[in-house]
Amino acid sequence: MSAPSRSIGSIVQTDRRHVWHPFTQMADWNQTEPLILVRGRGAVLEDIRGREFLDANSSIWTNLHGHGHPAINRALTRQLKQVAHVSMLGFTNEPASLLARELVRMARPTRGPALLQKVFYSDNGSTAMEVALKLAHEHARRARGLKQARFLSLDGAYHGDTVGAVSIGHIDLFHGAFSKLLFPTDKVMSPYCYRCPFNRAKPERADARETRKCGWECISKLEQKFTRAAAAKKPITAFSVEPLMQGAAGMIAQPRGWLKKAAEITRANGALLIADEVMTGFGRTGVGERAAQKKPGTLPLLASHLEQVQPDFVALAKGLTGGYLPMAATLTTDEVYSQFLGKYEDFKTFFHGHSYTGNPLGAAAGLASLELLRSPESEQQRRVLEAAFASNLETLWSCPSVGDVRRVGLVAGIELVRDWRTRKPYPLAERTGIRVCEAMRRRGVLTRPIGSVVVLIPPYCTTVKQLGKMVDALRDSIDEVLGED
Ligand SMILES: *Cc1c(COP(=O)(O)O)cnc(C)c1O
């Protein structure tokens with residue numbers, strides 16, 4: 001290890017003096033010694049003191065194949081020798097156009113016509129959603145002759161932090177303060193089986209989705225939303241959803257079949273379906289059923305595909321470059337695209353874009369990442385890791401403070417509660433999730449909670465042994481922090 005050029009103290013001081021961290025209470029931040037990460041290899045991150053940590057959070061849900069992957073590094077070096085950035089306004093570049101082709105291929109369903117044909121690039125998940133919102137709005141005006149789009153999204157939805165994305169978001173803690181800045185949208189109950197008022201099942205030591213007793217009231221509520229809006233002559237024109245798993249809401253996993261039903265209702269009501277796959281895309285939600293029998297290179301990479309759903313928009317970001325660079329894409333249909341075609345003087349152009357749109361470095365990383373995802377080695381690795389994840393997580397039910405364990409593929413949320421028999425939550429102010437994650441850090445495992453939900457989202461290169469260490473660290477940390485409760 002080469003010696004750091006500046007002392008740790010001076011790096012910390014500079015950070016405290018000038019950097020404002022995201023989603024961070026800076027008064028707390030300034031009281032604690034920050035972890036300065038200097039190096040990454042596979043699932044391991046190293047700090048400036050030479051201490052090693054497992055990246056159980058995939059660096060805020062972005063990393064897929066591990067840090068410092070040779071194939072992505074090579075692709076980036078190769079592209080750097082050509083050019084780092086050129087504009088997509090009036091020009092194009094090969095990596096961005098090839099990546100668009102590959103994303104369209106990824107979004108092709110196994111059956112039926114391939115609806116998603118066009119790719120609009122931007123830089124992050126929020127902007128990918130902004131693009132979908134604007135396009136859906138214009139589609140409502142141009143194709144349906146309506147004054148405006150009307151959006152429906154799920155309770156607890158998180159689609160990013162830009163103003164449009166916040167408008168369809170429903171996390172009061174994050175979004176409440178900005179309500180006056182937002183346009184009105186509607187929300188519907190999310191299928192949160194563990195805390196569903198319609199779930200009549202008693203808490204058990206099992207995933208609430210499996211033990212639930214209900215009559216799919218969440219689906220009836222969704223149908224009602226559409227019919228009532230139509231009756232009031234204010235039809236919902238687009239429904240946005242994080243398929244299979246709502247991320248920032250607290251890793252809320254949908255019961256099997258919910259997505260397919262929700263998509264059918266959306267279609268039946270003539271609305272567009274926006275799938276926010278910013279977190280769920282690129283294989284995060286697992287290999288799907290009968291994965292072992294599938295031809296190499298054909299495992300589904302979108303959560304929507306696991307329930308045979310083909311949306312009108314797919315927003316991609318976090319994992320798009322394998323977790324290397326900020327790049328995003330909004331996929332949409334020829335039907336939406338064609339609304340923007342015309343003579344120049346018709347001014348139907350989509351007047352929207354970003355300076356770094358279609359960045360060739362990001363696209364090169366994205367292409368290399370997709371190639372890795374389709375390799376037999378990665379597919380096998382994901383199959384093995386998913387099975388190991390499932391069995392490791394089972395061991396958490398022995399902790400009395402674990403209320404629910406929600407896993408979809410290679411992402412899981414572990415909800416901590418004061419009393420599992422009553423599902424009594426910890427008050428947010430007790431910082432339960434934060435304290436458990438701090439204890440995990442002392443055990444060499446990095447992750448970040450959402451309220452009282454601890455997130456485990458390992459990079460795909462994580463070995464079964466490393467995975468065991470992540471789950472052990474969580475279990476031991478729960479015992480340490482909450483054992484006396
Ligand atoms: C992270 C996330 C976003 C926002 O992405 P950014 O790149 O942070 O802007 C949007 N939707 C979902 C589902 C996300 O998880």
Side-chain angles (χ1 to χ4, degrees), residues 21-24 57-64 120-134 136 151 153-171 173-175 178 182 185 187 190-192 238-254 259 262 273-285 301-304 306 309 311 313-331 354 356-357 359 362 365-366 369 406 408-413 447-451 453 455-457:
H21 288 261
F23 281 93
T24 302
N57 191 38
S58 286
S59 294
I60 202 71
W61 319 351
T62 58
N63 195 285
L64 300 185
F120 194 96
Y121 286 117
S122 62
D123 313 327
N124 58 70
S126 312
T127 57
M129 286 302 291
E130 294 288 337
V131 168
L133 296 180
K134 281 192 176 175
F151 294 99
S153 44
L154 291 176
D155 202 4
Y158 179 78
H159 297 294
D161 291 330
T162 52
V163 166
V166 172
S167 293
I168 57 163
H170 302 290
I171 301 183
L173 178 68
F174 299 172
H175 303 147
F178 306 115
L182 310 177
T185 66
K187 69 174 176 181
S190 109
Y192 185 4
F239 178 41
S240 69
V241 52
E242 296 159 72
L244 300 190
M245 178 85 120
Q246 281 181 271
M251 295 302 169
I252 295 174
Q254 295 149 11
L259 180 66
L273 183 67
I274 304 175
D276 179 350
E277 297 239 16
V278 170
M279 187 274 283
T280 57
F282 301 104
R284 184 48 76 182
T285 55
L301 294 174
L302 292 181
S304 304
L306 294 177
V309 166
F313 297 95
V314 172
L316 298 167
K318 290 190 169 93
L320 174 56
T321 60
Y324 267 62
L325 288 159
M327 186 178 212
T330 308
L331 275 55
H354 303 279
Y356 281 97
T357 286
N359 175 256
S369 172
R406 302 184 279 269
V408 179
L410 291 167
V411 46
T447 189
R448 203 182 149 82
I450 303 161
V453 177
V455 175
L456 287 181
I457 177 165

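Numbering of ligands and ligand atoms starts at 1, following listing order. Quick note: residue numbers are just sequence positions, from 1.
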Revision key, fill the gap. When distances are taken from atom 5 (O) of ligand 1, the protein heavy atom at minimum range is Gly125 CA, 3.1 Å

**Study point:** Nearest-0.5 Å distance, OG of residue Ser153 to NE2 of residue His159
**Key:** 5.0 Å

Check your understanding: For atom 7 (O) of ligand 1, is the nearest protein heavy atom closer than 4.0 Å?
Key -> yes

Revision key, fill the gap. One should read off an interatomic distance between Asp161 CG and Thr127 OG1, to the nearest 0.5 angstrom, of 11.5 Å

Check your understanding: If you round to the nearest 0.5 Å, how far is OG of Ser167 from CG of Leu182?
Key -> 4.0 Å

Review point. Does any N/O atom on Asp276 come nearer than 3.5 Å to any N/O atom on ligand 1?
Key: yes

Check your understanding: Of the choices Arg284, His159, Met279, Gln246, which has the non-hydrogen atom that lies closest to atom 10 (C) of ligand 1?
Key -> His159

Point to revise | Distance, nearest 0.5 Å, that separates CG of Leu301 from CG of Leu316 | key: 10.5 Å

Study note, to complete from the structure: Within 4.0 Å of some non-hydrogen atom of Lys318, the atoms of ligand 1 are 1 (C), 2 (C), 3 (C), 14 (C), 15 (O)

Check your understanding: Looking at CE of Met327 and CG of Asn359, how far apart are the two atoms once the value is rounded to the nearest 0.5 Å?
Key -> 6.0 Å

Check your understanding: What's the shortest heavy-atom distance between Tyr121 and Thr357, and which atoms?
Key -> O-OG1, 3.6 Å

**Study point:** Sub-4.0 Å atoms of ligand 1 with respect to non-hydrogen atoms of Asn124
**Key:** 7 (O), 9 (O)

Review point. In terms of atom number and element, which parts of ligand 1 are under 4.0 angstrom from non-hydrogen atoms of Gly160?
Key: 4 (C), 10 (C)

Review point. Within less than 4.0 angstrom of ligand 1, does Ser126 place any heavy atom?
Key: yes

Point to revise | ligand 1 versus Trp61: contacting region, heavy-atom distance under 4.0 Å | key: side chain

Check your understanding: About how many Å separate CD1 of Ile252 and CG of Leu154, when rounded to the nearest 0.5 Å?
Key -> 9.0 Å

Exercise for review: For Glu242, counting its heavy atoms only, list the atoms of ligand 1 lying under 4.0 Å from any of them.
Suggested key: 13 (C)

